[in-house]
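The block underneath contains the structure these notes are about, expressed in structure tokens.
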Amino acid sequence: MNKTIMTVALAALTATAALAQSLPVYLDATKPIEQRVEDALKRMTLDEKIAVIHAQSKFSSPGVPRMGIPEFWTDDGPHGVRPDVLWDEWEQAGQTNDSCVAFPALTCLAATWNPQLARAYGRALGEEARYRGKDMILGPGVNILRTPLGGRNFEYMGEDPYLTSRMVVPYVQGLQSNGVAACVKHFAMNNDEEYRHQVNVTVDDRALYEIYLPAFKAAVTEGHAWGLMGAYNLYKNQHNCHNRYLLCDILKGEWGFDGVVVSDWGGAHDTRQAVENGLDMEFGTWTDGLSFGTSNAYDNYCLAQPYRELIKRGEYTTKELDDKVRRVLRLFFRTTMNSSRGYGSMNSEAHYSTARSIADEGIVLLKNDGGLLPLDTTKAQRVLVVGENAIKMMTVGGGSSSLKAQRETLPIEGMRNCLGEKIRIDYARGYVGDTIGEYNGVVAKQRLYEPRTANELIAEAVEKAKDADCVVFFGGLNKSDYQDAEGHDRKEYGLPYGQDRLVEVLAAVNRNIVFVNISGNPVAMPWRNKVKSIVQGWFLGSTAGEAVADILTGRANPSGKLPYTWWQKLGDVAAHKLGTYPGTWRDGGKIIDEEYKEGIFVGYRWADKEGIKPVFAFGHGLSYTTFRIGKATADKTRLAQGDSITFTVSVENTGTREGSEVVQLYVRDCKSTLVRPYKELKAFSKVSLKPGEKKEVRLTIGTDALSFFDDKAHRWTAEPGDFEALIGNSSDNLKQKVRFVLM
Ligand code: BGC
């Protein structure tokens with residue numbers, strides 16, 4: 001190297017070193033996040049600190065422009081990336097680059113009982129979010145299905161805390177692998193919608209810890225969720241967005257949450273409580289009650305000027321503020337300031353294929369008498385498709401999870417595209433439900449207007465059904481108010497729009513009826529013995545048409561299992577039987593007390609206790625092949641505290657098609673000092689088997705799976721004594737029993 005080159009090289013090196021030295025620590029990606037947080041914090045002014053803890057628009061908060069810290073953008077969640085709204089309004093921004101892949105609703109994901117698909121779901125959604133410039137997805141929702149009237153149950157993962165926990169962890173991890181935060185919602189006990197702003201929940205600690213909190217805890221302690229959203233409702237007379245018990249004691253205390261608590265939109269009501277009780281970022285409110293839509297509304301938020309004033313007046317030091325800002329900065333360094341995160345991708349075939357796999361695996365074959373399904377596509381036949389849900393887009397509507405899907409195949413299209421030349425498809429609407437198809441300015445591009453009367457529609461369907469070889473009825477609920485939609489609960493357990501009558505008259509003229517129920521909730525089916533097949537079709541998103549056709553024709557073999565109990569009638573459900581829903585009004589209609597009198601006995605736990613036979617049990621789901629579950633054995637008969645035990649069971653595909661079975665393990669505590677459910681799901685595994693193939697499935701549980709929450713001692717306890725592992729393929733088909741002892 002000659003002297004000049006050496007001098008130049010040296011100068012360059014010195015300059016780089018000088019630059020690195022002058023780089024503030026918070027901008028230095030090589031430094032640990034906590035150091036960067038502290039460095040950024042000490043450089044921020046009071047106003048900058050106040051600014052980052054509340055919204056600047058419907059879905060964003062400011063960063064710190066002076067310091068080069070970018071704005072932070074959130075968006076719903078949880079089934080796809082919501083289209084952009086105006087800065088200060090819920091209405092559409094009018095973009096044309098904000099249509100997305102709509103993934104199946106979370107009830108469908110839960111019904112796959114496949115945690116790997118939950119990871120794929122989160123990852124794909126995170127990629128879409130990242131590409132769209134969103135730093136946090138407002139989801140997933142993990143509230144427990146307590147009543148089938150709950151308007152948002154379709155956004156959640158069913159009734160069981162264990163299943164929900166196993167599914168939420170990989171979803172969160174997959175999502176966050178993109179440098180996009182999850183915001184797990186709605187913490188906690190947001191189990192019904194109608195009076196979500198007024199409901200004050202009373203629940204015993206056992207039910208709180210055993211039923212309503214586990215999924216949140218798993219998301220935080222195992223999934224390491226960076227964000228969590230407080231719920232609108234109250235618990236112990238305090239709004240959950242600033243609830244001392246839930247946020248300070250449990251979330252940040254017991255679980256050591258280091259992320260950010262985000263208010264639900266408009267869920268913060270009291271500045272002092274917001275300051276003291278764990279809220280970190282406030283969104284969506286117009287707390288002065290006057291400034292809705294005006295540009296200064298955000299200044300009136302609890303965590304904006306009112307808080308600043310209290311600090312200025314000396315009523316608070318910056319202790320609480322600094323804790324909030326540290327959390328927000330940590331969030332920034334994990335997302336917007338994370339220079340190693342990828343760029344994301346949108347509307348890719350890979351995302352559509354993920355959506356379709358989830359839909360295929362989530363659809364549940366509930367009943368299939370005489371093997372009516374799968375439809376034989378090699379035989380010449382006439383199939384009559386009936387029902388509005390065969391032609392209705394379901395990605396638009398339902399509240400904040402509403403999407404602008406780049407494409408959505410309808411069930412009728414899926415059927416037409418795949419049934420081949422031998423099958424003639426005819427269609428009869430049969431009933432008219434809701435023809436609107438509009439949400440926040442996103443308009444479903446279809447005309448569902450129908451001038452004929454109800455009787456004319458029924459007559460047409462019956463006439464066509466008479467000489468059809470098979471009738472496939474796409475019915476159920478939709479995303480309109482008072483059905484599966486945010487803000488309200490369903491008014492009845494029965495199907496709307498006269499569908500029951502229609503099924504009855506069709507069944508009178510045709511014995512081969514398949515009912516495909518589109519919903520996120522169980523519904524009454526008084527006619528269930530008159531139809532041969534029943535399929536639970538959920539809200540399936542962009543690839544709805546392909547997925548239902550995959551299942552109906554056997555292109556995919558159904559392997560979904562119910563994530564909730566399918567009750568015969570509302571009176572069978574604990575919350576309704578005990579008259580605790582929606583609750584009792586007080587304070588001149590400001591508060592409604594809802595007491596969860598059933599305690600830990602939710603879903604199948606209640607059915608077991610009361611000896612109620614549901615229409616379809618939790619964990620139920622059929623296949624086009626058959627499986628034999630062999631004798632279960634355990635690797636030990638006695639286990640010590642802190643130890644684990646592994647059960648082995650063989651599963652054999654005894655039919656002629658490839659298929660997957662979900663082996664489920666429930667634990668029964670034979671004798672306990674505190675009352676316990678008869679059994680509780682504690683492990684499961686989904687195995688795929690070729691015809692004739694046999695596999696060994698291993699299910700391991702630790703002593704935590706044997707424990708209950710001792711509310712007096714306020715801790716989890718695994719009591720020595722006899723236990724039983726009940727193993728099978730549905731909560732009502734657990735033929736294998738293995739006894740063991742906890743010492
Ligand atoms: C919903 C949240 C949602 C938020 C923002 C609220 O009304 O309860 O789930 O994330 O709005 O759209």
Side-chain angles (χ1 to χ4, degrees), residues 54-61 72-93 98 100 105-107 125 129 132 134-143 150-157 168 171-172 175 180-199 215-216 219 225-234 239-241 260-269 279 281-287 292 297-298 301 396-404 439-442 479 481 484-489 520:
H54 69 273
Q56 61 169 3
S57 78
K58 269 279 168 263
F59 283 100
S60 74
S61 72
F72 184 79
W73 281 86
T74 69
D75 207 1
D76 290 292
H79 306 143
V81 187
R82 182 179 179 157
D84 293 348
V85 298
L86 289 172
W87 184 257
D88 212 6
E89 304 285 343
W90 292 110
E91 280 311 306
Q92 292 304 292
D98 58 351
C100 65
L106 290 193
T107 28
L125 173 61
R132 282 266 309 278
K134 311 297 180 191
D135 306 304
M136 171 181 267
I137 280 290
L138 305 173
V142 292
N143 295 101
R152 286 185 95 168
N153 288 341
F154 73 100
E155 284 187 61
Y156 305 143
M157 299 203 228
V168 70
Y171 178 115
V172 167
L175 177 64
V180 172
C183 187
V184 186
K185 64 192 188 184
H186 308 87
F187 191 64
M189 291 162 293
N190 186 176
N191 307 103
D192 42 70
E193 274 296 285
E194 190 63 43
Y195 305 109
R196 59 182 178 170
H197 296 281
Q198 291 93 9
V199 163
F216 289 103
W226 298 333
L228 180 136
M229 186 188 289
Y232 282 136
N233 53 286
L234 301 88
H239 278 99
N240 288 359
C241 288
V260 164
V261 173
V262 172
S263 73
D264 198 346
W265 268 230
H269 302 274
L279 180 63
M281 275 180 127
E282 186 181 357
F283 276 89
T285 53
W286 34 93
T287 48
F292 172 53
Y298 303 102
Y301 282 19
V396 179
S400 54
S401 63
S402 180
L403 297 171
K404 183 158 122 192
Y439 186 80
N440 270 174
V442 174
K479 299 278 195 71
D481 285 351
D484 280 335
E486 181 176 336
H488 295 288
D489 287 336

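All ligand and atom numbering here is 1-based and tracks the order in the structure.
- Side-chain contact annotation: Ser401 with Glu486, donor-acceptor N/O pair under 3.5 Å absent.
- For the pair Asp76 and Lys185, the salt-bridge criterion is met [side-chain N within less than 4.0 Å of a carboxylate O].
- The ring pair (Phe, Tyr, Trp, His ring centres under 6.0 Å) search around Tyr171 returns Tyr121, not counting sequence neighbours.
- Lys134 and Asp84 are joined by a salt bridge, as a carboxylate oxygen and a charged side-chain nitrogen come within less than 4.0 angstrom of each other.
- In this structure, Phe59 has its ring center closer than 6.0 angstrom to the ring center of Trp265.
- A donor atom on one side chain and an acceptor atom on the other are not found under 3.5 Å apart for His269 and Tyr232.
- A distance limit of 4.0 angstrom between heavy atoms and ligand 1 selects the residues Phe59, Asp76, Arg82, Trp90, Leu138, Arg152, Lys185, His186, Arg196, Met229, Tyr232, Asp264, Trp265, Ser400, Glu486.
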